[in-house]
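Notes to accompany the following structure.
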There are 2 protein chains.
Amino acid sequence: MTSRVTLTDVARAAGVSISTASLAFSGAGPISAATKAKVLRAAADLGYSGPNPVARSLRRGRSGVIGVVVRKDLRQNFRDPVAIQTLDGVATTLGESDLGMLLIPTDDASGAAPDLLRHAAMDAAILLNGAAASAPSVRALRERGTPAVHVDAAVRGSVSIRVQDAAGMRAVAEHLRGLGHTAVGVVTLPWGPRAAPGPLEVSRPGRSSVPYTAARWAGLLEGGVVPVVAQAARGSWVEEGIRAGHALLDATPRPTALVAFSDLLAAGLLLAARERGLRVPQDVSVAGFDGVDLPWLGGDVLTTVAQPIREKGRMAAAAAIALAAGEPARSAVLGVDLRPGTTTGPAPS
Amino acid sequence: MTSRVTLTDVARAAGVSISTASLAFSGAGPISAATKAKVLRAAADLGYSGPNPVARSLRRGRSGVIGVVVRKDLRQNFRDPVAIQTLDGVATTLGESDLGMLLIPTDDASGAAPDLLRHAAMDAAILLNGAAASAPSVRALRERGTPAVHVDAAVRGSVSIRVQDAAGMRAVAEHLRGLGHTAVGVVTLPWGPRAAPGPLEVSRPGRSSVPYTAARWAGLLEGGVVPVVAQAARGSWVEEGIRAGHALLDATPRPTALVAFSDLLAAGLLLAARERGLRVPQDVSVAGFDGVDLPWLGGDVLTTVAQPIREKGRMAAAAAIALAAGEPARSAVLGVDLRPGTTTGPAPS
DNA sequence: TAGGTCGGTCGAAACGTTGCGACATCCACC
DNA sequence: GGTGGATGTCGCAACGTTTCGACCGACCTA
C-alpha cells in the first residue's frame, strides 16, 4: 500500500527515460531545469513521493540505518538518565547525517542475539552501555560483518568510546580521604550479568565482568580507599540506592562516607540517610558518579564525577557513520571531572 | 563491507540452483533435509550470514520496520516516564513480531517534516505522544502513503490509541470536591506548540491545541472544578512543577488543592509545598495524572489517575503491525483509574 | 502397466532503483 | 568548415532476493 506508482510511471508520464527521471530526484548529474520541472510535475500529478528507499538502498549498497543496541527492558534502560543522554547524543549526530536509528533491544540474560540484530538492515551498529556487549550480540555482528562501535566497553578489534572511569573514581577516593574519611561504604553498579546483587565481600570482591564497574572499583582502590562495606546494586535505580543505603548504614562501625557508582544510586543513599534522620554531610558524606541533573533532590548538590555523556553518544555515532562509509574510526576515552557539591564534608570526629 | 558473498555464491558452492538455496533459508516451500544441510554447510563455509535484508525487503515489498515518531529532544522526551513506558510497550509488541523500530525525532516547532520521515524505509508509523502529530509530519506520511497510528491524539482518517483523559480528570475533580476543596490551583501540560508557558487565564483559557491537554482541562470543568488559578507548564518536568507550584501557592487566597496534568508536575508541586513548609495534605492537597512510579518521593503516595501506559504502546504497535500488513486496525480509548493516595485530604477549614 | 500425485528442484521474471558508457546536439573557436 | 568540449538524454546492466510455474522422477493406486 506504500507507493504503487514507481519511477517508471513517472518517466512515462513525463515523456523521458527512467534514467532521466532518476536524475531529477537524485540531483546527481546534469539535467536541464526544464526537464527536471517536467518530471517533478508528473511525479506530483501521479502522487509519486520520491524513490523507493528500499530499492535505492539495494542499488546503493547502503541502508542508511545505524542499529543501536540497547537493553531489552527499555523501561529500566530509559529510567537511567545516563542511557538517555547517550542516546540523545547518538540521535543528534545521526540526525545531522540523515541516518536512521534502529533500536534493537537485546536481552543480556538470554544466550542468543535477537533476530533483529542478526537480520535487520543496517550499515553499522552501536552497542550502548557496555551491558549489551554480551558475547552473543558481538558475535552476531561479527558474523554479519557489520562494523560495531562499543560504548563504555573495550572489545578487542572494535572501536570503543569510553570515559575515564578509574580516574574519576580515584578522584572521588582522594577527595574523601582528603576530608578525613577512612570508613567508606560503597554501592556498585551490577557486578555482572549473572552476579548476585547484595553484599559484596570487600576484601576480595573478585573482578567485575562489567568493564566500567570493574574500572570504577579499581579506581577507588587506586585512590587509597578500601571500602569497609559494599553492596552491589541490581541496576542504576533510586530504589536500589535506598535499599543499599540502609544496608550500608547498618554496618558497624557505621561508615562516615558513602560512594555510589551512579548518581541515581547516590540519590538513593541520600534518601536512605534522610529516612534515618542522618544529616548530610555532617553525619555522613555521599558521593556519586555521572553528573546528571536530579531536580527533585531538594537543596542538596550532589558531589559527583561529571562525565561527558552526550558527547560520548555523539562520538559513538560519528564513529559508526565513519565505519558505515567504510572509513576507519578511532576509539576514544573521554575525560571526567570531579565536581564537589554539598553532600560531602569533613569526616565526623 | 557488509556481506560480499551472496546467495548466488552459496548456491554455486552447494551445487544447487539459486531458488533452492533460497528455500534453504526462507524455509517456505518443500526442500529435502539433505539439500538444506548441504546449502547451510556451504553458507557456513563461505561465511554467508543469511539473505541480504534489503534485497529481501525489495522483493517482498515490506521493510519489516515500523517508524516511531518522537519529539526531537530525546533528552526531554525520555525524561518523561510516560513516554518511556509507552515506548517500552511499543518495543515489546514490535519485538514479538520481529519488527524493527526506527526512531524518528521530529521538531514540532520547525515547519517541515524531517527527511527521515519522508524518505526512510518503513511499513507504518506510530506518532507518539500527540505532540508529534503536528501537521507537517502527518502530511508527510499521507503523501508517502504510509499508514499511521496516533497515540494520545485523534486525527481524522487515522487510527488512534488514547486514554480517557477527560473522565480521569473529572474523577480527580469529583474527588477533590468530595473533600471539600473549592479553591483549586492547576498546572497543565503545554497548552500548545507555540503557546506561551506561565499563567493561564482561568476564566477563558481558550482551547488547548494539544488534544489531551484540552481533554483534561475539559474533564476538570465537567467534574465541577473551576480553577481559581492556573499555570501552563513548558513540559512534564519536575522543575516546571516546582516553578508552577510556587506561582500557584503565591495566589491569594491560597488554593487548598493543587492539580497537575502529570505526575512529574505533581511531584514538583509537592516539592514546592515542602519548600514552603506546607504540610501535605493538611495544608494543601496535591493530585497528579499518569500513575507512574516516583521512588524518590519519600513516604508520600501521590493521589493520581493511573492510565495503562504500557498497554497503550502495545496497542499502538499492534495497530501499526496490522496496518503494515494491509489489514484494518481499530482505534481505541483505554480506561483510566483514580488512585487516591496520601497527598489529598479534607480541605482545611 | 498406465495414470495420477506429490515432493523436490530449477529457470526466469520480477522488485524499483542508480550509474556507467554511449550518443546526440549545440556552441565556440581556430 | 571542421574539431573539441560541454551539456543533456538514454539504454542497459546491475543490486540480491523471492516466487511462480514448469519440470522430473518416484511412489501409489486402480
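Chain identifiers are assigned alphabetically (A, B, ...) following the order of the sequence lines, protein sequences preceding nucleic acid strands; residue numbering begins at 1 within each chain. Computed from a prediction, not measured in an experiment: that's the story for all the values here. Quick note: numbers below take in every heavy atom, side chains included, and nothing from hydrogens, waters or symmetry partners.
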d(CZ, B:Arg62; P, D:dT19) in whole Å | 11 Å

Pairwise 5' ranking along DNA chain C for B:Leu58 and B:Ala33, keeping only the more 5' one = B:Ala33

Give a yes or no on whether a donor-acceptor pair under 3.5 Å exists between the nucleobase atoms of C:dG11, that is its base, and the side chain of B:Ser19.
-> yes

Report the nucleotide, chosen from D:dG16, C:dT17, C:dG11, that has the shortest atom-to-atom distance to any side-chain atom of B:Ser17.
-> C:dG11

Taking atom C1' of D:dT18 as reference, at what distance in whole Å does atom CZ of B:Arg60 sit?
-> 7 Å

Does A:Ser32 make a side-chain N or O approach to OP1 or OP2 of D:dT9 shorter than 4.0 Å?
-> yes

Looking only at side-chain N and O atoms, does B:Thr35 come under 4.0 Å of OP1 or OP2 in C:dT9?
-> yes

Check whether any side-chain N or O of A:Asp123 sits under 3.5 Å from a backbone N or O of A:Gly64 as a donor-acceptor pair, and report yes or no.
-> yes

Proximal nucleotide (of D:dT9, C:dT9, C:dG16) relative to the B:Ile31 side chain = C:dT9

Between C:dG7, D:dT9, D:dT17, which one does the side chain of B:Ala55 approach most closely?
-> D:dT17

Sorted by chain and number, sequence neighbours left out, side-chain contact (heavy atoms from CB on, under 4.5 Å) with A:Arg330 holds for none

Residues B:Lys312 and B:Asp152 bridged, charged N to O under 4.0 Å = yes

So, is A:Thr20 close to the D:dC10 phosphate, meaning a side-chain N or O under 4.0 Å from OP1 or OP2?
-> yes

Against the side chain of B:Pro51, the closest entry in D:dT17, D:dG8, C:dT17 is D:dT17

Can you check the B:Lys36 NZ to C:dG7 P distance for me, whole Å?
-> 16 Å

Identify whether any heavy atom of A:Val16 sits under 4.0 Å from a base atom; if not, whether one sits that close to sugar-phosphate; answer base, sugar-phosphate or nothing.
-> sugar-phosphate

Provide, to the nearest angstrom, the distance between the CG atom belonging to A:Asp9 and the C1' atom belonging to C:dT17.
-> 13 Å

With respect to the side chain of A:Pro30, which nucleotide from C:dT17, D:dG8, D:dT18 is positioned closest?
-> D:dG8

Closest nucleotide among D:dT19, D:dG16, C:dT17 to the A:Thr8 side chain = C:dT17

With respect to the side chain of A:Arg4, which nucleotide from C:dG8, C:dG16, D:dG8 is positioned closest?
-> C:dG16

Counting side-chain heavy atoms from C-beta on, which of C:dT9, C:dA13, D:dT9 comes nearest to B:Arg59?
-> C:dA13

Rounded off to whole Å, could you give me the CG-to-P distance for the A:Leu23 and D:dT7 pair?
-> 15 Å

Atom CZ of A:Arg12 and atom C1' of D:dC10 are separated, to the nearest Å, by 16 Å

Test side-chain hydrogen bond (donor to acceptor under 3.5 Å, both in side chains), reference A:Thr93, set A:Arg310, A:Arg314, A:Glu311, output is A:Arg314

Are any of the side-chain heavy atoms of A:Pro53 and B:Arg118 separated by less than 4.5 Å?
-> no

B:Ile18 CD1 to D:dC15 C1', in whole Å, measures 13 Å

Whole Å only: how far is the CZ atom of A:Arg56 from the C1' atom of C:dC15?
-> 16 Å

Sequence-distant partners of A:Ser209, side-chain contact (heavy atoms from CB on, under 4.5 Å), two or more places apart = A:Pro193

